[in-house]
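Some notes on the structure that comes next.
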Amino acid sequence: MTEPTRTPAYDLVGEGPTVLFLHSFPLDRAMWSGQLDALSRAGFRAIALDFPGFGETPLAHCSPPDLDAYVSSVLALLDTLHVERPLIVGLSLGGYVALRLVAQHPDRVGALVLADTHAGADSPTARASRVVNLSLVRSKGPGALIRKMLPLVLSPTASENTVSNVISMAERQSPEGVAFALLAMRDRHDHTVVLPAISTPTLCLAGELDTITTPTTLESLSQDLQHSRFVGIPSAGHLSNLDAPERFGQEIVRFANEYRTELT
Ligand code: MLT
């Protein structure tokens, strides 16, 4: 059963063509604060939202859990703000949602950044690990899950400040919202077959130290798209925008400027 989609909670700074940021798992829109500043200083309207069940957005009543609930919340926000074709930046989970959005509604995406993500469905091993993580979240909460994930998502040289920021962001998420995301990601569709049909200009980014979605994965994703290039972010892991906020922001600003006149 699915109820009408509500406009999600969001932050908005600056004026100009719109750049919309989609967060990773199990975090929220606060992970983009550095990039919102960079984009607004470069003359863009920068927005970050919370997917349903994360941050300040209530969980969607969508059964079974499906990433389409997140896609609908993105579209609801674009409609509320009268944004037609923004640049959409999605990292990992955010990238899954961005890819699904562009595959279903290519007319609503002016340009795309896919960071530290991939187009495939979960492998059998990944699906089994979702079930283990689900039980961890239900018994011990999202804080226990992020502590397990930390060595995989941040670079070994991440600052104490970055580590504690990621832990506290995950700890404030509701177990229900995180559980919904785990199931929705476990059962998500494989988008590899639709990649050659996507003509939206795309920048594929990967932290050069990302071991979950490696630079090779993002390079290959970029090659499968019609108009795409790949850029590696030095010294960054999976959460590349948190490991290397300035460099990540510079790459987005450069790309957004290339397509400035096409973003509405
Ligand atoms: C993320 O960073 O959003 C996660 O790695 C996505 C996932 O668990 O597949």
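A quick note: this is a predicted structure, and the numbers were derived from the prediction, not measured. Every number for a ligand or one of its atoms is a count from 1 in the order of the listing.
Looking only at protein heavy atoms, the nearest one to atom 6 (C) of ligand 1 is Ser92 OG, 3.2 Å. Looking at atom 3 (O) of ligand 1, its nearest protein heavy atom turns out to be Phe25 N, 2.7 Å. Looking only at heavy atoms of the protein, atom 8 (O) of ligand 1 is closest to Arg130 NH1, 2.7 Å. Of all protein heavy atoms, the one closest to atom 9 (O) of ligand 1 is Tyr96 OH, 2.5 Å.
With values rounded to the nearest 0.5 angstrom, Asp107 atom CG is found 11.0 Å from Gln104 atom CD. To the nearest 0.5 Å, atoms CG (Leu27) and CG (Leu242) are separated by 7.0 Å.
A donor-acceptor contact closer than 3.5 angstrom links the side chains of Asp190 and Thr192.
Within ligand 1, counting atoms from 1 as listed, the ones closer than 4.0 Å to a heavy atom of Ser24 are 1 (C), 2 (O), 3 (O).
Here the closest heavy-atom approach between residue Ala38 and residue Val253 is recorded as O-CG2, 4.0 Å.
Taking distance alone, with nitrogen or oxygen atoms compared against 3.5 Å, Leu93 approaches ligand 1 more closely than that limit.
Aromatic pair Tyr96/His191: centroids not less than 6.0 angstrom apart.
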